[in-house]
Amino acid sequence: MPETPQEVLKMIQDQDIKIIDLKFIDMPGIWQHCSFYYDQIDESAFEDGVAFDGSSIRGWKAINESDMSMVPDPKTAWIDPFMKEKTLSMICSIKEPRTGEWYSRDPRTIAQKALDFLKSTGIGDITFFGPEAEFFIFEDVRFDQTESKGFYYVDSVEGRWNSGREEAGGNLGYKPRYKEGYFPVSPTDTMQDMRTEMLLTMAQCGVPIEKHHHEVASGGQNELGVRFAPIVEAGDFLMVYKYVVKNVAKKYGKTATFMPKPIFNDNGSGMHTHQSIWKNGKPLFFGDGYAGLSKMALHYIGGLLRHAPALLALTNPTTNSYKRLVPGFEAPVNLAYSQGNRSASIRIPLSGDNPKAKRMEFRCPDATCNPYIAFAAMLCAGLDGIKNEIDPGEPLDVDIYDLSPEELSKIPSTPGSLEAALEHLEQDHTFLTSTGVFTEDFIDNWIAYKLDNEINPMRLRPHPYEFSLYYDV
């Protein structure tokens with residue numbers, strides 16, 4: 001992979017590439033792009049950027065101040081495997097063209113500012129993030145909402161609900177039982193070849209890969225494993241991950257979704273996020289404390305737990321996110337930490353005596369988040385814990401199902417809705433803004449966007465299940 005603008009330009013010339021595709025992320029977390037003829041990209045583009053209209057991007061500029069510049073990162077260059085014409089793709093950060101300043105609402109810029117803040121504290125010089133994004137693959141998805149109707153429909157050849165369906169060539173019956181989809185072999189697992197292609201395609205795009213497997217839920221839930229990476233690169237890799245998964249699924253005549261809870265009454269899709277801080281090539285989370293953690297790591301956990309109710313407004317940013325965060329589906333609803341309890345929001349993975357593998361795993365997030373924003377916010381919360389030596393309390397190393405209601409009531413839990421999380425964020429965001437990583441403008445804009453575009457529209461619409469509950473009242 002190229003490292004410098006000069007190497008990118010040489011790659012374009014040597015491989016006779018005619019189309020350059022520049023990608024950037026909007027505020028909610030969707031990739032946007034514009035394709036340029038190769039002679040429009042020169043060395044100045046990597047410094048000054050390429051102009052575009054920012055007023056049409058969700059959560060960004062007003063129409064009277066719309067000019068913006070996307071600045072490609074040469075280290076992100078890869079050949080897009082889904083384009084007929086050979087196309088070089090690069091990921092961009094956003095600048096204000098009039099001032100030359102990086103745009104304060106640009107998510108990738110925010111992640112870079114989080115890394116810069118970490119370095120400025122002297123605590124560490126690099127932070128690694130390893131997201132584990134789960135997703136569903138369906139053969140059919142339909143949904144609609146009008147004044148007189150509202151419905152959704154998803155279907156999968158692997159769905160246990162289809163065990164009695166007549167199918168072309170006969171129903172062969174190999175469909176994972178509910179909550180028993182973890183690691184079955186073929187023929188129950190029908191998606192081996194597709195996941196392999198997804199994984200190898202990601203590698204072609206520069207993503208460091210590890211593994212792939214079926215996940216717990218019936219109906220085509222899957223996960224691909226990628227290696228941890230520095231904070232900005234981790235965000236880049238997750239966006240490539242989602243792009244590849246969706247496009248390979250489409251190639252197979254299927255559709256992929258990262259919605260946390262597209263299926264009722266089975267496990268949802270999360271994005272367990274592994275985190276660690278290093279300095280001068282040394283891991284700082286390894287120590288002689290609980291589960292082999294250092295005091296710094298425990299204080300980092302304390303910061304995450306202290307700010308989790310607000311943090312979830314950024315790491316679990318959809319109304320659907322909170323359909324997953326409910327008891328009974330291995331969901332991490334308890335704001336506690338543990339080395340083994342998967343219902344705790346923070347888990348300490350087994351790493352033996354290897355200091356380099358010591359890390360903590362925040363299990364609440366899901367892949368509907370904007371990864372750059374989510375990673376930056378988690379780092380800010382953890383650093384606040386280190387700075388203020390926040391005690392994470394006692395670990396939750398008991399089976400929560402053995403606890404009495406009185407004992408269970410003493411364990412804090414995640415917010416029950418996006419609206420509740422946004423209320424926490426409104427009250428508790430100094431840990432984000434005091435660092436200079438996030439601005440008050442960003443927080444206010446985020447809350448307003450979520451209320452105006454997601455929460456309030458949901459309030460106005462009748463839910464299909466309400467007809468079952470109330471139609472004959």
Side-chain angles (χ1 to χ4, degrees), residues 26-30 58-60 105 107 110 143 145 150 152 257-265 268-271 273 304-329 331-336 343 345 362-378 380-381 408-409 411-433 438-470:
D26 67 8
M27 191 183 72
I30 302 295
R58 297 182 298 172
W60 279 11
R105 291 187 186 178
I110 289 171
F143 49 88
Q145 179 77 59
Y152 71 89
T257 181
F258 289 85
M259 274 183 69
K261 197 77 169 183
I263 294 177
F264 168 64
N265 216 29
S269 293
M271 189 182 75
T273 305
L304 283 174
L305 293 176
R306 169 77 60 84
H307 299 295
L311 198 56
L312 264 63
L314 302 170
T315 63
N316 301 70
T318 68
T319 59
N320 187 254
S321 298
Y322 298 85
K323 304 292 199 314
R324 165 183 168 251
L325 291 177
V326 294
F329 298 92
V333 296
N334 299 293
L335 294 178
S343 69
S345 60
F362 190 40
R363 296 174 62 80
C364 292
D366 63 62
T368 61
C369 73
N370 185 314
Y372 305 102
I373 293 170
F375 297 162
M378 285 185 266
C380 287
L408 195 59
S409 67
I411 302 172
S413 59
T414 54
S417 67
L418 176 59
E419 185 172 16
L422 290 169
E423 289 172 356
H424 283 288
L425 179 62
E426 189 169 25
Q427 297 161 8
D428 175 27
H429 59 260
T430 303
F431 72 98
L432 301 171
T433 55
F438 292 83
T439 63
E440 288 285 348
D441 167 74
F442 180 90
I443 299 299
D444 291 344
N445 184 55
W446 181 269
I447 293 171
Y449 181 91
K450 290 291 174 179
L451 287 172
D452 293 344
N453 294 279
E454 298 175 38
I455 290 173
N456 289 335
M458 282 287 290
R459 282 190 181 129
L460 294 173
R461 288 160 171 80
H463 189 283
Y465 191 56
E466 289 178 312
F467 282 80
S468 298
L469 292 173
Y470 309 126

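Just so you know, these numbers use all the heavy atoms, side chains as well, and skip hydrogens, waters and symmetry mates.
M259 has its side chain out of reach of S269: every pair of non-hydrogen atoms, C-beta onward, lies at least 4.5 Å apart. Side-chain contact check for I443 versus T433: some heavy-atom pair is nearer than 4.5 Å.
For N445, the side-chain contact (heavy atoms from CB on, under 4.5 Å) partners two or more places apart in sequence, or in a different chain, are M27, R105. In this structure T273 satisfies the side chain to side chain donor-acceptor pair (under 3.5 Å) test with no other residue, sequence neighbours excluded. When the side-chain contact (heavy atoms from CB on, under 4.5 Å) test is applied to R58, the partners found at least two apart in sequence or on another chain are D26, P28, I30, Y449. In this view, P412 and L335 satisfy the side-chain contact (heavy atoms from CB on, under 4.5 Å) rule, not counting sequence neighbours. The side-chain contact (heavy atoms from CB on, under 4.5 Å) test applied to K450 returns P317, L418, L422, W446, E454, not counting sequence neighbours.
With rounding to the nearest 0.5 Å, the separation of SG in C369 from CE in M378 is 6.5 Å. In this structure, the separation between CD1 on I110 and CZ on F375 is 14.0 Å, given to the nearest 0.5 Å. Interatomic distance, SG of C380 versus NE2 of H429, reported as 12.5 Å (0.5 Å rounding). Remark: Y465 OH to F264 CZ distance equals 7.0 Å, nearest 0.5 Å. For the atom pair CD of E419 and CG of L451, the computed distance is 7.0 Å after rounding to the nearest 0.5 Å.
The two residues L311 and A381 make their nearest non-hydrogen contact at CD2-CB, 4.2 Å. The two residues P260 and N320 come nearest to each other via the heavy atoms CD-OD1, 3.1 Å. When all heavy atoms of A421 and Y322 are compared, the pair lying nearest together is CB-OH, 3.4 Å. V326 approaches K323 most closely through the heavy-atom pair CG2-O, 3.5 Å. Here the closest heavy-atom approach between residue R363 and residue R324 is recorded as O-NH2, 3.0 Å. The two residues W60 and P107 come nearest to each other via the heavy atoms CZ2-CD, 4.1 Å.
Sorted by first then second residue, the side chain to side chain donor-acceptor pair (under 3.5 Å) pairs that include residues 308-319, not counting sequence neighbours, are N316-D366, T318-S321.
At most 12 non-hydrogen atoms from other residues, nucleotides or ligands lie less than 6.0 angstrom from CD of E426.
Using a distance-only test at 3.5 Å, with no hydrogens or angles considered, a donor-acceptor pair links the side chain of R461 to the main chain of P457. Using a distance-only test at 3.5 Å, with no hydrogens or angles considered, no donor-acceptor pair links the side chain of D428 to the main chain of A310. Between the side chain of Q427 and the main chain of H424, no donor-acceptor pair closer than 3.5 Å is present.
For the side-chain contact (heavy atoms from CB on, under 4.5 Å) with S345, the lone residue among L325, N334, L312, L305 that qualifies is L305.
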